[in-house]
Protein chains: 2
Amino acid sequence: MKVRIKEVAAAAGVSAATVSKVLSGRTGYAVQAETAQRVRQVALTLGYVPDVAARNLRTRRTGQLGVVLEAVGSSEPDQLLGGLTTSSAVRRTFDGAIMAGLSDAARSLNVPALVIYPGSSGLHRTYLDGRVDGLLVSCDPLRGHQLLQDLAQLPMPVVALWTQGKLPGISTVDVNHQAGARQAVEHLLNLGHTRIAFYGGGQASGVEHFQRREAGYREALEAAGLPALAAIHQGEQLVDAVCLGEVSAVFAETDLGAAAVVQALAGAGLSVPGDLSLVGFDDILGAEYIAGGLTTVYQPAAEMAAEGVRVLLARLGGAPVSQTLLPTRLMVRRSTARLSKGPC
Amino acid sequence: MKVRIKEVAAAAGVSAATVSKVLSGRTGYAVQAETAQRVRQVALTLGYVPDVAARNLRTRRTGQLGVVLEAVGSSEPDQLLGGLTTSSAVRRTFDGAIMAGLSDAARSLNVPALVIYPGSSGLHRTYLDGRVDGLLVSCDPLRGHQLLQDLAQLPMPVVALWTQGKLPGISTVDVNHQAGARQAVEHLLNLGHTRIAFYGGGQASGVEHFQRREAGYREALEAAGLPALAAIHQGEQLVDAVCLGEVSAVFAETDLGAAAVVQALAGAGLSVPGDLSLVGFDDILGAEYIAGGLTTVYQPAAEMAAEGVRVLLARLGGAPVSQTLLPTRLMVRRSTARLSKGPC
DNA sequence: CTGTTAGCGCGTTCAC
DNA sequence: GTGAACGCGCTAACAG
């Protein structure tokens with residue numbers, strides 16, 4: 001049978017309230033050290049474990065954090081990108097990293113549990129209210145903020161991952177896409193390239209991350225006094241530009257885009273980095289295989305998740321809404337080389 | 001403010017008890033249909049949501065399922081395998097697929113929430129008892145069953161994923177490694193290969209999955225009346241065997257192993273599938289990149305997770321301990337070819 | 001410094 | 001068919 005607090009109290013010769021005070025762990029309760037010690041000892045030998053449900057009812061808190069994963073579990077049909085891999089597979093990898101970061105942080109910060117919710121729809125108060133004290137939302141960067149705005153209505157703090165900007169009442173944690181992109185382009189500039197193209201949807205994509213990445217690209221070129229080219233998102237168009245000597249290096253908005261570039265070049269008998277230096281963004285699992293090792297921008301997904309937990313706990317402790325940007329890291333591999341003569 | 005059951009009762013002109021009976025959903029309570037309808041209507045318009053904590057306390061159940069992820073969040077240093085990628089990255093991908101499967105299943109089966117626990121250690125009753133009604137454990141195939149045996153002590157049903165065998169009191173759901181391996185080798189046999197090697201630790205690895213895969217390899221060869229070769233797990237050794245014409249095809253215990261084979265062969269100027277047909281196991285993210293498209297055995301991780309949820313719910317409903325094996329699927333890509341003349 | 005009291009909000013008996 | 005009373009196990013507030 002389960003041991004109750006009253007039995008511990010009886011065995012220790014104190015009242016239930018005293019046992020509660022001791023085991024709550026909270027200081028400032030004024031229990032004699034000797035008594036406290038005895039209570040702890042008795043609780044241990046009896047194998048007493050406080051009843052979670054009763055405690056939750058009384059304190060109106062659960063100690064649990066909710067995690068909404070917008071992409072995981074969406075069970076959408078996979079979309080082929082460049083015929084090479086699937087976007088949902090990539091998301092799964094990111095979510096895996098995020099899960100890992102969350103787990104680590106939760107354990108080290110002594111959060112009893114993370115409660116997971118698929119993000120898609122019907123995320124009613126019914127499911128969240130009373131089960132968690134606060135919410136971490138891993139937003140799908142390809143979608144808008146609809147889900148986030150719904151969740152913001154809940155009577156609990158919300159922290160959004162993969163997102164930045166002025167969302168009232170919501171703390172955000174994101175990677176610094178713009179700075180990461182700038183760093184990637186600066187790497188190409190340092191290798192002597194001056195004709196650097198941006199590959200991807202960029203501004204036109206409607207995806208904030210991509211827009212920031214293109215902004216970083218433009219920023220780097222402007223700082224170097226060089227012209228930014230119009231974004232390219234057609235393989236053939238890029239191949240033509242390379243053949244004409246208009247482009248010697250490409251910053252691709254994603255690693256998948258970079259993979260598509262490699263494929264398009266290969267179809268024209270061109271190679272990376274011989275004919276074109278190439279930098280991606282994301283450092284997806286498998287980036288080591290692209291072009292024999294794709295130079296790309298690593299996003300610290302696990303660290304972002306851990307930071308999210310810290311921010312959320314801080315807000316539960318009364319801290320104000322905040323916005324955090326984490327630095328990326330340029331992974332220099334073998335797809336970039338010093339500028340040489342043109343091809344074709 | 002939150003609406004309480006008493007307010008609903010008052011508004012509907014009945015007592016709180018009646019409201020509870022109606023909203024519990026249970027039949028056999030004998031409430032007049034008309035009354036029930038009115039209560040439901042009132043509850044809806046008032047936006048009444050039963051208090052989770054109070055309900056949990058009263059019913060001694062939570063409606064939540066616990067998920068223990070043994071590998072995710074273990075924050076171990078990555079181990080390099082074949083210099084190509086890392087085992088933890090692979091695990092993350094599998095865990096991602098498992099998370100996706102769990103989420104889908106939980107939603108479609110109307111489970112309010114999944115409570116996630118990092119698997120590593122100190123998974124005390126303190127954390128589990130009273131928070132979840134049952135447990136799904138995604139075991140690390142590379143480890144033993146220590147964690148599982150600890151969890152089996154808990155007063156709740158436990159379902160283990162990625163595991164099979166006779167664990168008292170624990171239901172298991174796993175992929176049929178042996179049948180999958182047999183199928184992979186049969187594919188090589190059908191291409192005319194007769195000198196087929198097994199690459200990996202196999203029996204000697206101490207890892208059950210790998211042992212079963214080697215068993216499947218032997219089974220297929222025996223059924224074809226051909227000799228099984230000793231397991232190889234050195235790249236140079238394999239290269240020698242290929243050059244000597246002793247081996248024309250390899251079944252690798254994992255995709256990472258297959259990647260290592262590709263690399264070793266490339267170092268000796270040999271190629272896949274020209275000089276050697278190669279089949280892997282796992283279908284990891286990135287398998288499309290290995291050897292231009294690795295033929296391999298896909299493991300239905302998401303389906304396995306979904307099945308785990310179903311099994312667990314069944315056990316909560318009184319069903320006995322069970323053991324399930326799910327079929328794999330051979331993904332034929334470009335690393336296998338019909339047997340031709342030997343190289344070197 | 002410690003014990004007593006009074007609920008937290010709901011579900012489940014039993015009378016009626 | 002319905003409602004009143006009770007208690008799940010714990011802890012916040014106060015009394016001593």
Side-chain angles (χ1 to χ4, degrees), chain A residues 1-40 42-43 46-64 112 125-126 128-131 133 155, chain B residues 1-40 42-43 46-64 112 125-126 128-131 133 155:
Chain A
M1 276 317 289
K2 271 192 68 169
V3 181
R4 320 230 177 276
I5 199 171
K6 293 175 77 169
E7 309 177 35
V8 176
V14 296
S15 80
T18 303
V19 176
S20 173
K21 285 171 190 163
V22 171
L23 298 183
S24 78
R26 286 175 49 181
T27 61
Y29 253 139
V31 176
Q32 207 153 321
E34 192 184 340
T35 311
Q37 185 54 40
R38 189 173 70 244
V39 168
R40 262 187 288 269
V42 169
L46 289 183
Y48 169 69
V49 176
D51 186 276
V52 180
R55 170 178 285 176
N56 289 353
L57 176 60
R58 193 64 180 95
T59 61
R60 307 273 66 196
R61 303 197 311 105
T62 64
Q64 297 183 162
R125 286 179 45 196
T126 323
L128 296 170
D129 227 12
R131 285 189 213 277
D133 297 340
Chain B
M1 276 318 286
K2 269 191 70 168
V3 181
R4 319 229 179 278
I5 199 170
K6 293 174 76 168
E7 309 176 36
V8 177
V14 295
S15 79
T18 303
V19 176
S20 174
K21 286 170 189 164
V22 171
L23 298 184
S24 77
R26 283 175 53 181
T27 61
Y29 253 140
V31 175
Q32 209 153 319
E34 193 185 339
T35 312
Q37 186 52 41
R38 189 174 69 245
V39 168
R40 263 187 287 270
V42 170
L46 289 184
Y48 169 69
V49 176
D51 185 274
V52 181
R55 170 178 283 175
N56 288 354
L57 177 60
R58 196 69 183 92
T59 61
R60 309 273 63 197
R61 303 198 311 104
T62 64
Q64 297 185 162
R125 286 178 46 195
T126 323
L128 295 170
D129 227 11
R131 285 190 212 276
D133 297 339

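All values below were derived from every heavy atom in this structure, side-chain atoms included, with hydrogens, water molecules and symmetry-related copies excluded. Residue numbers start from 1 in every chain, and the chains themselves are labelled A, B, ... in the order their sequence lines are given, proteins ahead of strands.
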>> Reading DNA chain D in the 5' to 3' direction, which nucleotide is the first one with an atom under 4.0 Å from a heavy atom of chain A, and which is the last?
In response: D:dG9 to D:dA12
> What residues form a side-chain contact (heavy atoms from CB on, under 4.5 Å) with A:Gln32, not counting sequence neighbours?
Replying inline: A:Glu34, A:Thr35
Could you list the protein-to-nucleotides 6-9 of chain C atom pairs, N/O on both sides, closer than 3.5 Å?
from: C:dG7; atom 1: N2; to: A:Arg58; atom 2: NE; distance (Å): 2.3
from: C:dG9; atom 1: OP1; to: B:Arg4; atom 2: NH2; distance (Å): 3.1

>> At less than 4.0 Å, is any side-chain N or O atom of A:Ser15 found next to OP1 or OP2 of C:dT2? Yes or no.
In response: no
>> Quick check: closest heavy atoms across A:Val42 and A:Ala11, and the distance to 0.1 Å?
In response: CG1-CB, 3.7 Å
Check nucleotides 13-16 of chain C against the protein and report each pair of N or O atoms closer than 3.5 Å, with its distance, or say if there are none.
none

> Looking only at heavy atoms, what is the nearest atom pair of B:Arg60 and B:Leu57, with distance?
Replying inline: NE-O, 3.3 Å
> Can you name the residues that form a side-chain hydrogen bond (donor to acceptor under 3.5 Å, both in side chains) with A:Arg38, not counting sequence neighbours?
Replying inline: none
>> Holding to side-chain contact (heavy atoms from CB on, under 4.5 Å), I want the full list of residues that pass it with B:Arg40, two or more places apart in sequence or in another chain.
In response: B:Val22, B:Leu23, B:Ala36, B:Gln37
>> I need the full list of side chain to side chain donor-acceptor pair (under 3.5 Å) pairs touching residues 13-23 of chain A, with sequence neighbours left out, sorted by first then second residue.
In response: A:Ser15-A:Thr18
>> If the condition is side-chain contact (heavy atoms from CB on, under 4.5 Å), which residues does A:Arg58 pass it with, not counting sequence neighbours?
In response: none
> With a non-hydrogen cut-off below 4.0 angstrom, is B:Ser24 in contact with a base, only sugar-phosphate, or nothing?
Replying inline: nothing
> Which heavy atom of B:Ala16 sits nearest a heavy atom of B:Ala9, and at what distance?
Replying inline: N-CB, 3.4 Å
> Which atom pair, heavy atoms only, marks the closest approach of B:Val39 to B:Val8?
Replying inline: O-CG1, 4.4 Å
>> Looking at every non-hydrogen atom in both residues, tell me the closest pair between A:Pro112 and A:Gly63 and how far apart they are.
In response: CD-O, 2.9 Å
> Once you build an axis from the first five pairs and another from the last five of the helix from C:dC1-D:dG16 to C:dC16-D:dG1, how far apart in angle are they, to 10 degrees?
Replying inline: 40°
> How many Å lie between NZ on A:Lys6 and C1' on C:dT5, as a whole number?
Replying inline: 13 Å
> Excluding sequence neighbours, so at least two apart, what forms side-chain contact (heavy atoms from CB on, under 4.5 Å) with B:Val52?
Replying inline: A:Arg131, B:Asn56
> Can you list the residues that meet the salt bridge (Lys or Arg N to Asp or Glu O under 4.0 Å) rule with A:Asp133, with sequence neighbours excluded?
Replying inline: A:Arg61
> Hey, mind stepping through A:Asp129 and B:Lys2 against side chain to side chain contact (heavy atoms under 4.5 Å, CB included) and telling me if it holds?
Replying inline: CA-CA 10 Å; A:Asp129 227 12; B:Lys2 269 191 70 168; 4.2 Å; yes
